[in-house]
Amino acid sequence: MDGEIDRHKRTEHTLTFQTAASPPLPQHHRHFHTRRCHVITVDMGAAEPVVEREGEEVEVREENGKNKEEGEESDVEKGEEVGFEFEEQAVAAESNTNDDHNQRDVHMSMMHRLNPTNPLRIVINSNTRAATPPPPRFSHGSNNIRVGATPSPSHFSHTPPHSQPRSTPTPQPSITTLNSRKYTNKISLFLFLLHMIAAIGLVGFLIFKGVQGLIEASDNRVKRAEKRVLKFFLPQVEAASLLSIILAFAWQKAVRVWPKFFVHFILWTTFLMSLSAGILLICFQKAATDGVGVCFIAFAIGNGLYACWITQRIGFCSKILIKSLEPVSKFPDLNQPTYWMLGVGFLWMSLWNLAVIGALNFYLTPLMIVLLGLSLAWTAEVMRNVANITVSRVISLYYLRGMQSNTKFCFQRALSKSLGSACFASLFVPSIEALRIVARALNLLEGEDEFMFSCAHCCLRVMESIFRYGNGWAFVQIAAYGKGFVKASQDTWELFERQEMEQIVDSDITSSICFLTGVCSGSMCVIVVAAWTATVHQSFTATISLLAFFIGYLMTRIAMALPHACVGSYFVCYAENPDNRLFDNTIKDRLALMKSGRDVAIRTPRVPRRFAAR
């Protein structure tokens with residue numbers, strides 16, 4: 001008997017922390033809460049001692065188990081009915097409630113002894129506020145439960161504790177990550193890497209065949225042909241590569257230092273250089289050189305007409321170019337990715353020239369040269385787009401988040417995560433630009449001719465789809481958010497439509513300026529190389545002139561990736577957040593002039609609404 005009294009006293013002094021707001025718990029639930037507090041204390045590492053013993057828990061658990069077994073045995077032996085069981089449980093719950101009220105003061109006094117900053121008290125308070133509601137209680141009023149009757153649900157009801165209702169979490173808007181770890185356009189990336197393996201193997205094989213033909217050829221005629229090519233072909237082509245990289249550095253420096261002057265200068269310099277190259281080639285009076293010369297003269301005429309046509313847009317283009325190049329001074333190493341691409345491109349083109357010479361000593365020489373040319377064009381475009389994506393990420397993060405990103409990290413990301421999009425865009429963006437020029441030309445030629453009318457609008461329908469699913473503005477979203485090329489094109493065009501900027505981006509001439517810069521460099525290389533070749537071996541003039549133009553154009557386009565990326569980032573980031581303090585009112589004022597009709601802008605032709613429904 002004394003042992004039971006002592007055990008009950010120890011049980012009453014077991015610490016079960018409850019606040020005044022928490023409901024009283026039945027006796028058979030106390031040891032669970034006590035044990036949970038003990039575990040929390042161990043995890044939190046509270047400095048104060050825990051007033052609890054494991055032996056007391058075991059004793060309480062044994063006592064509850066014994067009471068439960070005795071209750072079950074007595075119920076089985078007596079065979080009492082269900083209604084009496086409910087009534088007995090209700091009476092037991094009321095007695096436990098009275099006991100809990102008697103001990104509440106003791107528990108609260110022990111609770112107040114804890115330091116308010118104690119982690120144990122903080123955790124217990126948070127747990128008790130959101131405590132699990134106790135088992136259902138039975139209301140005893142005028143409707144008593146008769147013994148032997150089946151209780152109805154109305155006879156007992158839940159009495160929820162005085163607890164706050166659970167708050168539903170507010171849905172947060174999804175934020176597009178700026179550090180996506182996905183590889184974009186994996187199929188294009190795989191195809192490009194496969195192409196590079198094949199191209200390296202083909203270039204190495206053709207160089208080997210060229211050296212083999214020069215050293216081990218048994219026919220003296222083959223040896224003489226190899227020596228003639230090395231003597232009168234290779235120096236001019238390598239000179240064109242060297243001149244092109246010098247011009248590339250010069251153009252990039254000029255566009256950053258004198259942007260307003262550069263726009264006017266490149267428009268009319270390209271006209272003069274292409275016209276001069278065409279006249280020079282025609283003066284050689286060879287069929288091959290005459291054909292190439294006519295092409296240059298035709299392009300010069302079109303270039304002059306285009307320069308007169310866009311006169312009203314030159315001022316706005318110069319303003320945007322000046323404004324978009326302002327952040328470049330904040331990143332001193334922003335030009336390094338472009339320089340790396342130019343260096344790698346120069347080395348690859350030097351090996352490519354040797355492979356072209358080796359192809360002359362191999363079967364299917366024209367086919368080999370065409371394949372080498374296509375491979376070089378795709379590789380150079382990928383290099384240009386890698387530089388474009390690198391600069392676009394640095395500049396776009398500066399506009400969107402005010403961050404000064406690490407250029408080296410952005411360059412590594414462009415060479416890994418975003419390389420697939422660069423490869424995919426390199427295949428389609430040049431074609432899109434060519435179709436854009438054709439659509440504008442057909443729109444100008446549209447008249448009373450029904451055939452030309454149908455062709456123009458058919459081309460416009462194609463352009464409407466192409467511009468939505470693939471455009472040159474997508475590089476900003478590819479660089480900033482790691483999107484694929486098609487998804488980035490769609491999202492970018494939706495931004496332009498939301499801000500009603502379709503007309504202003506259609507009338508932008510930055511891409512045309514970059515294109516004409518490449519043509520200007522190629523024409524200069526043609527003039528130098530053609531004059532040189534005509535004096536040493538005139539029969540190679542047409543071939544070397546085409547190769548020199550091709551090399552000069554590609555190298556300059558790589559260098560012009562920086563200003564092109566800066567302008568693209570300016571337009572796209574403005575469309576995403578026009579209220580950014582880094583933007584002035586240049587675009588806003590231009591849009592107001594276009595809407596009011598006071599500014600004439602020739603935009604990319606689109607399908608008229610009366611034909612869109614057909």
Side-chain angles (χ1 to χ4, degrees), residues 178-179 242 244-263 265-266 317-347 380 382-419 422 475-482 510-511 513-514 517-518 521 554-574 576-577 580-584 586:
L178 296 176
N179 194 22
L242 182 61
S244 64
I245 195 172
I246 293 174
L247 291 174
F249 283 115
W251 295 137
Q252 193 193 77
K253 181 68 175 179
V255 74
R256 288 188 286 112
V257 177
W258 307 294
K260 187 174 182 179
F261 169 76
F262 181 81
V263 175
F265 176 80
I266 206 64
C317 177
S318 302
K319 290 181 181 179
I320 291 295
L321 193 58
I322 294 172
K323 186 66 179 177
S324 62
L325 290 173
E326 288 180 358
V328 176
S329 59
K330 302 180 182 298
F331 304 94
D333 57 344
L334 192 58
N335 290 317
Q336 289 186 5
T338 306
Y339 295 158
W340 278 105
M341 291 292 100
L342 287 174
V344 173
F346 177 76
L347 294 176
V382 171
M383 291 180 182
R384 180 173 73 92
N385 291 334
V386 166
N388 192 332
I389 291 174
T390 303
V391 178
S392 296
R393 181 169 178 84
V394 174
I395 300 300
S396 61
L397 292 184
Y398 172 75
Y399 283 138
L400 297 175
R401 300 292 186 269
M403 300 167 53
Q404 289 196 351
S405 304
N406 188 353
T407 305
K408 184 183 296 184
F409 172 76
C410 295
F411 186 44
Q412 293 174 355
R413 181 181 178 84
L415 286 173
S416 57
K417 302 292 190 300
S418 303
L419 184 59
F475 292 112
V476 180
Q477 296 251 343
I478 292 171
Y481 302 115
T510 304
S511 59
I513 295 299
C514 296
T517 306
S521 295
L554 293 179
M555 293 293 288
T556 303
R557 289 307 304 268
I558 294 175
M560 294 301 292
L562 187 143
H564 195 190
C566 291
V567 173
S569 300
Y570 191 87
F571 275 113
V572 176
C573 294
Y574 177 85
E576 187 168 345
N577 185 13
N580 194 326
R581 60 181 180 84
L582 297 175
F583 302 119
D584 58 4
T586 304

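Computed over heavy atoms, backbone and side chain alike; hydrogens, waters and symmetry mates excluded. This one's a predicted model, so the numbers in the text were calculated from it and none came from an experiment.
- With sequence neighbours excluded, the residues that form a side-chain hydrogen bond (donor to acceptor under 3.5 Å, both in side chains) with T510 are D508.
- Note that OG1 of T390 and CG of N385 are 10.5 Å apart. Values are rounded to the nearest 0.5 Å.
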Using residues 320-337 as the side-chain source, report each donor-acceptor pair under 3.5 Å to any protein atom, sequence neighbours left out, with the distance given to one decimal.
from	atom 1	to	atom 2	distance (Å)
K323	NZ	E326	OE1	3.4
S324	OG	I320	O	2.9
S324	OG	L321	O	3.1
S329	OG	E326	O	3.0
D333	OD1	T407	OG1	3.1

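- Interatomic distance, S392 OG to Q477 CD, rounded to the nearest 0.5 Å: 11.0 Å.
- In this structure, W340 CH2 and K408 NZ are separated by 9.5 Å, a value rounded to the nearest 0.5 Å.
- Every residue was checked against the side-chain hydrogen bond (donor to acceptor under 3.5 Å, both in side chains) condition with S418, not counting sequence neighbours, and none meets it.
- Closest heavy-atom contact between R557 and C514: CD-O, 3.4 Å.
- Residues V382 and L419 are in side-chain contact: their nearest non-hydrogen atoms beyond the backbone lie under 4.5 Å apart.
- Residues A248 and M555 share a closest heavy-atom pair of CB-O, 3.8 Å.
- Sequence neighbours left out, not one pair with a member in residues 244-262 passes salt bridge (charged side-chain N to carboxylate O under 4.0 Å, His left out).
- In this view, T556 and S521 satisfy the side-chain hydrogen bond (donor to acceptor under 3.5 Å, both in side chains) rule, not counting sequence neighbours.
- No side-chain heavy atom of V476 sits less than 4.5 Å from a side-chain heavy atom of Y481.
- With sequence neighbours left out, the side-chain contact (heavy atoms from CB on, under 4.5 Å) criterion links I246 to L242.
- Atoms CG and CG, from N406 and L397 in turn, are 11.5 Å apart once rounded to the nearest 0.5 Å.
- In terms of the side-chain hydrogen bond (donor to acceptor under 3.5 Å, both in side chains) criterion, residue partners of T586 (sequence neighbours excluded) are, by chain and number, D584.
- Sorted by first and then second residue, the salt bridge (charged side-chain N to carboxylate O under 4.0 Å, His left out) pairs involving residues 382-393 (not counting sequence neighbours) are E381-R384.
- Residues satisfying the side-chain contact (heavy atoms from CB on, under 4.5 Å) test with F583, not counting sequence neighbours, are Y399, Y570, C573, Y574, N580.
- For A254, the side-chain contact (heavy atoms from CB on, under 4.5 Å) partners are W258, F262, not counting sequence neighbours.
- Residues meeting the ring pair (Phe, Tyr, Trp, His ring centres under 6.0 Å) test with Y339, sequence neighbours left out: F249.
- A distance of 10.5 Å separates CE in M560 from OG1 in T338, rounded to the nearest 0.5 Å.
- The heavy-atom pair separating H564 from S511 by the smallest distance is NE2-CB, 3.9 Å.
- Separation of atoms OG (S396) and CE (M403) is listed at 9.5 Å; rounding is to 0.5 Å.
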